[in-house]
Amino acid sequence: MSSTPLSARAVAARPAPYLDDLNPAQREAVEALDGPVLMLAGAGTGKTKALTSRIVHLLATGKARPNEILSVTFTNKAAREMKTRIGRMLGEAVEGMPWLGTFHSICVKLLRRHAELVELKSNFTILDTDDQLRLLKQLIAAENIDDKRWPARMLAGIIDNWKNRAWRPDQVPASEASAYDRRGVRLYAQYQARLRELNAVDFGDLLLHVIQILQEHEDILAQYRRWFRYILVDEYQDTNVAQYLWLRLLAGGHRNISCVGDDDQSIYGWRGAEVGNILRFETDFPGAKVVRLEQNYRSTAHILAAASGIIAANKQRLGKTLFTDGEDGEKVRLIGHWDGEEEARWIGEQIEDYQRGTRGLSPFSLDDMAILVRASHQMRAFEDRFLTIGLPYRVIGGPRFYERMEIRDAMAYFRLAVSPDDDLAFERIVNTPKRGLGDKAVQTIQRTARSNGVSLHEGARLCVEGRLISGKGHAALRELVQGIDRWHGQVVAEADTHVELAEMILDESGYTGMWQQDKTPEAPGRLENLKELVKALENFDNLQGFLEHIALIMENDSEDSEEKVTVMTLHAAKGLEFPVVFLPGWEDGLFPSQRSMDESGMKGLEEERRLAYVGITRAERICTISFAGNRRVYGQWQSQLPSRFIDELPESHVEVLTPPGLYGGGYGAAGMAASASPILAAASESHLQQRAVRADVYNSPGWKRMQSKSSSRRVAQPQEARNITIDLEASSSFTVGDRVFHQKFGYGEVMGLEGDKLVIEFDKAGTKNVVARFVVSATQADEIPF
DNA sequence: TAATGGAACCTTTTT
DNA sequence: GGTTCCATTA
């Protein structure tokens, strides 16, 4: 940890402009340095500002040195943001705040120091969900349990849940354990034992192990209590029981803990977050000072009023009254569409309008606009549309870079080079690329390894020496074993730079070759990703450091300078703000999500409502809510009802827009919305009638069946316009008949040209109109170098 | 052992 | 509509 210690004196010598920048409530929260403090900070009330000012104040007054402040956030993004802001306020880089980070990253640091106390070595690996599932699958199979009745995913969920509540296998209450036939607990115990054997931990363990260490070793606990003189917690409403226990342990001595949170923005209940933690703060820490931040600096009055109107329907809340001194601005805009594709098309046009400047508004940058969806599958419609019209966009929270198959494969090779005994990594790549080592060969290796009490890598070596593998597998395995030895030797000897080494590994293992020969549409993209992975390596000193970093930071933050519209989930949007926000897909069953309501009833619905609140409050100036009457679900067209949350929007703060296009349909939301002038009322009325019928049926067993029956009425898919002008003289560099490649749709053949657009018949994706600059000729695509 | 085709699942949300 | 997991075939 390189540390450029911040000199507290240097800070104190300057005046304290950061205090003058605060409103009275914020200032009160910042200046109450000692003892427990709870900041109830509504959306857009300057929560991060208060939090960072508080840190600066601690430093400036000399109450604490940078390394004596423990500051916890939930996401790496939030941690980074805070570091940047503190740095800006102090006018120097914040290298000296080693304990500002996520719960998980801080726990890794602690656990590395004390690993041996929980029977781990300090170089333990951190498993991700994928590893976790494969491990559980093996255990389930070994127990001869029907994996249909006990899918690994379910077991992983159960275990996760228990870990969130800080239950180790022997601590799972009988009531819980019996609900799962006692098998759950047994498998949980086996899983933990296996992790220990592998010298590995999962995400939940990071917290759990540290809690155990702190509980069982008073001296260590005392040391950290002395060490962390001040504790700050962001997004306190999202803490689960384990995190809560962790905090209580560390804050137990001096009680200098200050938590910031907003019960109205608690949207992680499904992940074990306990709103109860925030509601209980004053009981847990008697004498706590509670400060409310209620002045909103982000949104216009109309947007704020709409959000407040929605959240008011929730029963379980502490209650806050947000206000703003800002202008009224535009009302929240509401519009219904015929189907999801129409919705995407319309939003695309809106974005282009805002970009140009429309309705007397000055132009917005694409960076200023975001589309926030409930579920990630909604993103596809927008991606497709934006690719077609050539609108630059960025997707946040999609399938993440480091979770992609090729990246994980490559990482497995790196892991083996660093520690050849990493069995999970070995298993992953024994037969990738194909080496003729099938199930039988792998079993032989496993058996050999187990009976000799060695790792798979060593087991494989024995197999080669004893000629236990037949045919071509023998030579291939020998080569792999030797390869691993060689790469490991390089790591140890530090002979080459780690970037060169990485390239060499991917090359010699045949992994790059595998994708170069692969002719599927994904292959070029995967090669690109591998290239990016190697590039990312340059930012680290060695492979070990890289692997360490990646285990915790599973995000793909490729910093590109081009302006782009952001597409992401509502969950991912928490803490962010945008001048222009689109909230599509406000339909019952989608938002609020049916599953959430089925699983958690009223509690689930309230969480969904908070999600709606989070969504609206992301908007600074313009907020547009939309819904579609028809939507494709699992490839089947379904008719949809507008979300019940739309009824809850306060009418006086909403403007209903008339959808474009033809709407003769007698039913479907678009028809309703287009009908008369007090459209909202009309839409709401028929909506409410439906609701009245639904209210009593809702919890009945027949509900789901009825729901699926009534809604699976098929609706004809709107005919797409098909007047394609074929212009052979277009200035495009493509001609009809060219083979081309598209990043998303794969390979295809050019069927026609139309201005800067091409009509392409894709091998897999069908016929599409695509902007020419999004495709390359197929021969070029084959040549993407590594 | 690898490749193919079909059935069955599926979509919340994430450190 | 897509993926993943299987059983069957080459």
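Protein chains get the first letters and strands the later ones, always in sequence-line order, with residue 1 at the start of each. Just so it is clear, the values below take in all heavy atoms, side chains as well, and ignore hydrogens, waters and symmetry mates.
Side-chain atoms of A/Asp409 and A/Thr432 include no donor-acceptor pair closer than 3.5 Å.
When the P atom of B/dT14 is taken as reference, atom CG of A/Asn164 falls 15 Å away, rounded to whole Å. Atom P of nucleotide B/dT15 and atom CG of A/Asp234 are separated by 14 Å, given to the nearest angstrom. Following rounding to the nearest Å, A/Leu207 (CG) and B/dT15 (P) show an atom-to-atom distance of 14 Å. A/Leu576 has its CG atom 15 Å from the C1' atom of B/dT14, to the nearest Å. The CD atom of A/Gln594 sits 15 Å away from the C1' atom of B/dC10 (whole-angstrom rounding). A/Ile159 places its CD1 atom 22 Å from the P atom of B/dT14, with the value rounded to the nearest Å. Between the NZ atom of A/Lys163 and the C1' atom of B/dT15 there is a distance of 14 Å, rounded to whole Å. Rounded to whole Å, atom C1' of B/dT15 lies 14 Å from atom CZ of A/Arg80.
Qualifying ring pair (Phe, Tyr, Trp, His ring centres under 6.0 Å) partners for A/Tyr634, counting only residues two or more places apart in sequence or in other chains: none. Checked against side-chain contact (heavy atoms from CB on, under 4.5 Å), A/Ala476 has the following partners two or more places apart in sequence or in another chain: A/Arg435.
Classified by interplanar angle (parallel below 30°, tilted 30° to 60°, perpendicular above 60°), the ring pair A/Trp270/A/Tyr268 is tilted. Taking the six-membered ring for Trp and thresholds of 30 and 60 degrees, A/Tyr393 and A/Phe386 have ring planes inclined between 30 and 60 degrees apart.
Closest approach to the A/Ala572 side chain among B/dA2, B/dT15, B/dT14 is made by B/dT14 (side chain taken as heavy atoms from C-beta onward). In the set B/dA2, B/dT1, B/dT14, B/dT14 carries the atom at the smallest distance from any side-chain atom of A/Tyr268. With B/dT15, B/dA3, B/dT13 as the choices, the nucleotide that has an atom nearest any side-chain atom of A/Lys434 turns out to be B/dA3. Distance from the side chain of A/Ala441 is smallest to B/dT1 among B/dT1, B/dA2, B/dT13.
Counting non-hydrogen atoms under 4.0 angstrom, A/Gly635 reaches a base of the nucleic acid. Within 4.0 Å of A/Ser596, counting heavy atoms only, lies at least one base atom of the nucleic acid. Among the atoms of the strands shown, base atoms are found under 4.0 Å from some heavy atom of A/Tyr634. Across all strands shown, A/Phe103 has no heavy atoms under 4.0 Å from either base or sugar-phosphate atoms. Counting non-hydrogen atoms under 4.0 angstrom, A/Glu235 reaches nothing in the nucleic acid. If you check every strand for non-hydrogen atoms under 4.0 Å, A/Lys137 touches sugar and phosphate atoms only.
Comparing A/Lys440 and A/Glu608, the nucleotide of DNA chain B nearest to each residue sits closer to the 5' end for A/Lys440. For the pair A/Arg271 and A/Arg153, both in contact range of DNA chain B, the more 5′-proximal nearest nucleotide belongs to A/Arg153.
Figure legend: A/Arg610 and A/Tyr613 shown without cation-pi pairing, the cationic atom not lying both under 6.0 angstrom from the six-membered ring centre and within 45 degrees of its axis.
Look at A/Thr569 and you'll find a side-chain N or O under 4.0 angstrom from OP1 or OP2 of B/dT14. Look at A/Ser376 and you'll find a side-chain N or O under 4.0 angstrom from OP1 or OP2 of B/dT13. Contact between the side-chain N/O atoms of A/Asn431 and the OP1/OP2 oxygens of B/dA2 is found at a separation under 4.0 Å.
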